[in-house]
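Working notes for the structure below.
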Amino acid sequence: MPRYNPAEIEPRWQAYWQQQATFATPEMPNIDRGRKRYILDMFPYPSGEGLHVGHPEGYTATDIVARFWRMRGDTVLHPMGFDSFGLPAEEHAIRTGEHPRIQTQRNIDNFTRQLKMLGFSYDWNRAIATTDEEYFRWTQWIFLVIYDTWFDTERGVGRPIDELPIPPEVVAGGDNAVASYRDSHRLAYQDDALVNWCPALGTVLANEEVIDGRSERGNHPVQRIPLRQWMLRITAYAERLIDGLDDLDWPAGIKKLQRDWIGRSSGAEVDFHVVRDPSTDGDPMGSFAEWRASRASSGFVTEPADDALRVYTTRPDTLFGATYMVIAPEHPLVDALTTRDRAEEVRGYRDRASFKSDRERTEGERAKTGVFTGSMATNPVTGKAIPIWVADYVLATYGTGAIMAVPAHDERDFEFAVTYDLPIVAVVEPPSDFEKRDQVIAGRACFVGTGRAINSDSFNGQMTEQVKASITQQLADQGLGRAAINYKLRDWLFSRQRFWGEPFPILHELDADGNPTGQKRGVPPDQLPVRLPDLADFKPHGRPEPPLEKADDDWLFVRLDGKLHKRETNTMPQWAGSCWYYLRYIDPRNDRAIVDPEKEAAWMPVDLYVGGAEHAVLHLLYSRFWHKVLHDRGHVQSPEPFKRLINQGMILGEVEFTGYQYSDGRWISSIYVRRDDQGNRIDEQGTGLTPVKVEDTEVDKQGDGFVLKSDPSIRVDSRAHKMSKSRGNVVNPDAVVREYGADSLRLYEMFMGPLEATKPWSMAGVGGVRSFLDRAWRMIVDDRAEQLCLHPAIVDSPCDPEQARMLHATIRKVTEDTESLSFNTAIARMMEFTNFYTRCESRPREAMERFVVLLSPYAPHIAEELWFVLTSRDTDTSIPCVSLQPWPAWDESALVQSTIEMPVQVNGKVRGKVNLSPEASEPEILAIACQDPRIASLLEGKTIVKSIVVPGRLVNLVIR
RNA sequence: GCCGGAGUGGCGGAAUGGCAGACGCGCUGGAUUCAAAAUCCAGUGAUCGCAAGAUCGUGUGGGUUCAAGUCCCACCUCCGGUACCA
């Protein structure tokens, strides 16, 4: 019996596509550039759990778009690959001793099987994995490009390191001085950074991988320790990364997220001269010279005057109100500024602050704490001495690590000043409608807005913006300050102490005794890739030292140009491979370059990029940064990698009903509603408020919420949650395909709602789209016949006008909705089509054929099978499969109706409907509307004050 | 706290300022069946009414408009992100 049987149809057509290479992409889009489409998915990390139903959501969307544009005659590049370096494979290796490569390959195979099972039209010949040596060879090569680049701030571009101008005094210092000068300008450099060391994971993490002082992965505690790390100077590209966003067709929210993450602010740097407090007899415990030296090594461009403490502020206009200063506990000048009598207290405070995790610092009330250093500084405009405090509400890593505190106009400073009884001087007059205006002026409240300057000498009366400019200018004239721009973005901590990552292509020079000379160099490109060594033991040793240190000497030591070198043993973070994979798909087997320049110019940029919003800042910012470096160095033509971006929404688990017992205005207990093996209900009293699962059939609507049918005192809350193993609400795509078929899974995920919305799963909904496919099948196939053959209602005669209207309106709606990625409404329209035509006793073949073509990007397997039946392809082998059919066009003339129904409103309420010709003129429409008996009776005895006729839509009569 | 996004039937959702609830799920009734499944047909926002129909209805309160789910103002709730960035 030829019933619709996806289990039989789907593997057969998948094999056919593979055999016929239906979706192979040409090397070059050999037609004009406007007709190429690069449609990209965020490639998955191949986890041991296999595909999650969230993956096929974005993948189906791009697959529909790819198939749609192919059918419209464009040349489409639609590839897939695997982001296969990553922690879980290494953790598995540590647990089992099995090499990560083996498990990774197994997972890739499983993912590939699952992706093929869903019928995606990827060009599998272009598949890549970031763990392939031939792939990471080029990841290493790009690192060498970054290492070989410095950022020319004057021109705003990255340039080769040998074009870096060397100041004469550096040249005078000899080769080593020149080398370290260059190193300090490279986009990839080593630095002693305060890093997030996670003892449980045995690695250092990026700021982005730490959430509330715990690791994003595994939720382990994270400590801050200083360690020599590789950094990428992404901050040099901050401005370019902001500017580049303008031309991108990305969701406004994501652009804003990136802008805020980069966090550009403009203001001024101000130098405060430091004086000792004459009331204390202490001398400083460190020297300014030492401090200046330490700042120089961390890349400061200009140095403050000898005895100056430099701050950054966005509000230089409030300088007259700066009544004290604060430096971060980690500020290098803390010792130098601390007087002997304050030493013990300051050291105690600093130690406490360093032991606090980020979580503790930000937890709870966040009450401001701090200690006085004993030193004073001179406010450069008032000339008054103001105290310098140490407090952990000032961050060492932003600005200069020190601030001028203006308690009258900054809420944090205000809070601190109140706590420690520091003076508060208002210098900006709040507008008259500001509630606490008088309290602000009296120094008893805080105002952060802008206004007219007061208590500011010659600046009094000027508006904030003007004062900012004038004070900055005055400070610059006196050499005490200058306009400055700051970014929240920090340089990218790029090394990891892991085994399962790309080794750095860097060699450290050793002297005759085997000690590092401090000189390093890149591995010559012809010696790439630097492969991972064979390790017998993957276990971390609990020290912040990379596992590759355990490698054999053969791997570890390299003789090059007569000198012995030790390899860098850190590995790159998982982001590295995903930073440029979109380029490799264009030319995946090229062994001379990352990508052929001609092909890159022809295919880039990516026209549509679909993936989860969790990558809004990290992956998408890192990728853009690498792309811009490659662009500056002439390796790619496109300035930006991803022209259009769409974030698919998260898929939640099925809606759960949860019951609570509520009494006397509070929760008294939770009620467990469960069933035993025999299906009998078990009730038990709990003590806490443990969530209680309730069957939805036991729930009754009452008022605003739900109650349990059997016991209305039990309130029921309905809500969908994130899918998680612990909640047991994870949906497995394999199981869905087994029960309903891949086409149903694809169609359901697109039918759930808008692509970008968060939406809960519903297995009944999958059944719904499956029954649509069943109906579509029975519309065309005679499922009662013995053989696979056409339904007897299929006829060769043309459509009647009504059928033609349905057909062409459907073509139009599906075309427009597919273009705008409104897949849910396109599917709804195809359902209407099917409902209409299954009621027709004769179904013209032309309508059926075009419908199947429309369906094919959405449900490609059943479409191929129905196309096969409709076109008798078994007898006429010249007919190509439906995936290669041209997309149908609609005929406007078929959409024209002889009469249309028009609602007639009286005073804005619909009171009747009239049928009339679409060409009727306004007076005609009005006349017909007033003749309608119901309308006429309402008009009796009234006058029409106004009448609105919207041709083709409605009539509204305003009467009195 | 701040920044995004969203609040529409029992549920997922649809609606260029122009008939609110397309399409699907669920539910109710009917046909078919020995029976069930499957399928097909009809109904399904609420209230009132035998009916024709009437009134109310898109988180809350105001406003603009002939006309508001849609635009404006204020507020509430939920979800996501972020966290002392001077």
Side-chain angles (χ1 to χ4, degrees), chain A residues 3 211-212 251-254 256-257 260-261 263-265 267 311-315 318 326 358 361-362 366 368 391-395 397-406 409-413 415-416 448 486-490 613-614 616-617 649-650 652 654-655 696-697 699-701 704 706 718-720 747-748 751-754 756-769 771-772 774-775 778 783 822 824-832 835 838-839 901-913 934 945-948 950 952-959:
Chain A
R3 301 274 295 269
I211 295 166
D212 288 340
I254 301 295
K256 189 173 179 337
L257 224 52
D260 291 351
W261 187 267
R264 182 189 203 272
S265 71
V311 303
Y312 170 74
T313 178
T314 54
R315 291 294 299 271
T318 61
V326 185
D358 279 0
R361 276 203 197 185
T362 56
R366 263 197 279 184
K368 302 278 179 294
D392 66 4
Y393 81 90
V394 170
L395 306 175
T397 43
Y398 182 76
T400 61
I403 63 157
M404 64 180 215
V406 185
H409 305 292
D410 181 286
E411 276 167 16
R412 298 151 301 180
D413 297 344
E415 198 189 318
F416 190 81
V448 298
N486 241 304
Y487 301 94
K488 282 200 248 180
L489 185 70
R490 318 269 160 81
E614 67 273 19
V617 278
M650 203 192 330
L652 305 175
E654 295 237 5
V655 173
D696 61 348
T697 51
V699 166
D700 211 7
K701 175 85 177 167
D704 284 343
F706 299 96
S718 79
R719 178 176 291 199
L747 215 49
Y748 173 66
F751 186 61
M752 292 170 89
E756 301 190 64
T758 304
K759 40 212 178 266
W761 186 267
S762 156
M763 223 33 120
V766 186
V769 293
S771 71
F772 157 63
D774 282 327
R775 284 162 64 80
R778 287 194 306 269
D783 70 337
S822 310
N824 53 334
T825 49
I827 294 166
R829 183 65 202 190
M830 289 191 276
M831 288 173 168
E832 285 184 77
N835 292 343
T838 41
R839 276 193 291 266
E901 192 188 57
M902 224 160 128
V904 182
Q905 294 184 335
V906 176
N907 286 346
K909 285 187 174 148
V910 179
R911 299 296 179 174
K913 284 173 186 178
R934 256 186 81 203
V945 186
K946 192 172 181 180
S947 58
I948 295 102
V950 187
R953 303 232 62 134
L954 55 50
V955 178
N956 190 10
L957 303 168
V958 185
I959 63 169

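Remember, it's a predicted structure, so these values are computed and weren't measured experimentally. The chains referred to below are lettered A, B, ... by the order of the sequence lines, with proteins before strands, and numbering in each begins at 1. Any value given below was found using the heavy atoms of this structure, including those in side chains, with hydrogens, waters and symmetry copies removed.
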Is [N] paired to anything, Watson-Crick or G-U wobble with both distances less than 3.5 Å, and if yes, which nucleotide?
| N | answer |
| --- | --- |
| B:rG24 | B:rC11 |
| B:rG18 | B:rC66 |
| B:rA74 | B:rU60 |
| B:rC84 | none |
| B:rC50 | none |
| B:rA31 | B:rU39 |

Given [options], which nucleotide is nearest the side-chain atoms of [X]?
| X | options | answer |
| --- | --- | --- |
| A:Ser771 | B:rG81, B:rA86, B:rC25 | B:rC25 |
| A:Leu257 | B:rG18, B:rC79, B:rG81 | B:rG81 |
| A:Glu901 | B:rC19, B:rC78, B:rC84 | B:rC19 |
| A:Pro754 | B:rA14, B:rA86, B:rG18 | B:rA14 |
| A:Arg778 | B:rA86, B:rC23, B:rC40 | B:rC40 |
| A:Asn835 | B:rC84, B:rC23, B:rC66 | B:rC23 |
| A:Arg775 | B:rC40, B:rG81, B:rC25 | B:rC40 |
| A:Asn824 | B:rG13, B:rC23, B:rG4 | B:rG13 |
| A:Pro760 | B:rC78, B:rG12, B:rC84 | B:rG12 |
| A:Tyr398 | B:rG18, B:rA86, B:rA14 | B:rA86 |

[X] has an atom [atom1]; how far is it from atom [atom2] of [N], in whole Å?
| X | N | atom1 | atom2 | result |
| --- | --- | --- | --- | --- |
| A:Ile948 | B:rC19 | CD1 | C1' | 16 Å |
| A:Arg719 | B:rG80 | CZ | P | 9 Å |
| A:Ile959 | B:rA67 | CD1 | P | 14 Å |
| A:Leu954 | B:rU16 | CG | C1' | 14 Å |
| A:Gln905 | B:rC19 | CD | C1' | 7 Å |
| A:Met752 | B:rC23 | CE | C1' | 15 Å |
| A:Arg953 | B:rA20 | CZ | C1' | 13 Å |
| A:Met831 | B:rG12 | CE | P | 17 Å |

Using only side-chain N and O atoms of A:Lys759, determine if any of them is under 4.0 Å from OP1 or OP2 of B:rG12. no
So, does A:Ser762 get its side chain near the phosphate of B:rC11, meaning an N or O under 4.0 Å from OP1 or OP2? no
Could you walk me through whether A:Val904 and A:Leu954 pass the side-chain contact (heavy atoms from CB on, under 4.5 Å) check? CA-CA 6 Å; A:Val904 182; A:Leu954 55 50; over 6 Å; no
Across the strands shown, which category fits [X] at heavy-atom distances under 4.0 angstrom: base, sugar-phosphate, nothing?
| X | value |
| --- | --- |
| A:Thr758 | sugar-phosphate |
| A:Arg829 | nothing |
| A:Glu411 | nothing |
| A:Thr838 | nothing |
| A:Asn486 | nothing |

[Y] and [X], any side-chain heavy atoms less than 4.5 Å apart:
| X | Y | answer |
| --- | --- | --- |
| A:Asn907 | A:Val958 | yes |
| A:Thr318 | A:Asp410 | no |
| A:Val955 | A:Ser947 | no |
| A:Val406 | A:Arg315 | no |

Under 3.5 Å donor-acceptor, A:Glu654 side chain and A:Met763 backbone: yes
Please encode protein proximity along nucleotides 42-58 of chain B as a string of B, S and -, counting only heavy-atom distances under 4.0 Å. ------------SSS--
Would you measure the distance from the C1' atom in B:rA67 across to the matching atom in B:rC79 and give it in whole Å? 33 Å
I'd like to know whether CD of A:Glu411 has more than 12 heavy-atom contacts from other residues, nucleotides or ligands below 6.0 angstrom. no
Should the pair A:Phe416 and A:Tyr393 be assigned to parallel (<30°), tilted (30 to 60°) or perpendicular (>60°) ring geometry? tilted
Using 0.5 Å steps for rounding, measure from the CZ atom of A:Arg775 to the CG atom of A:Asn835. 4.0 Å
What's the base orientation of B:rG45: syn (chi within 90° of 0) or anti? anti
Any donor-acceptor pair, under 3.5 Å, between the side chain of A:Lys256 and the base of B:rC3, if you only look at N and O atoms? no
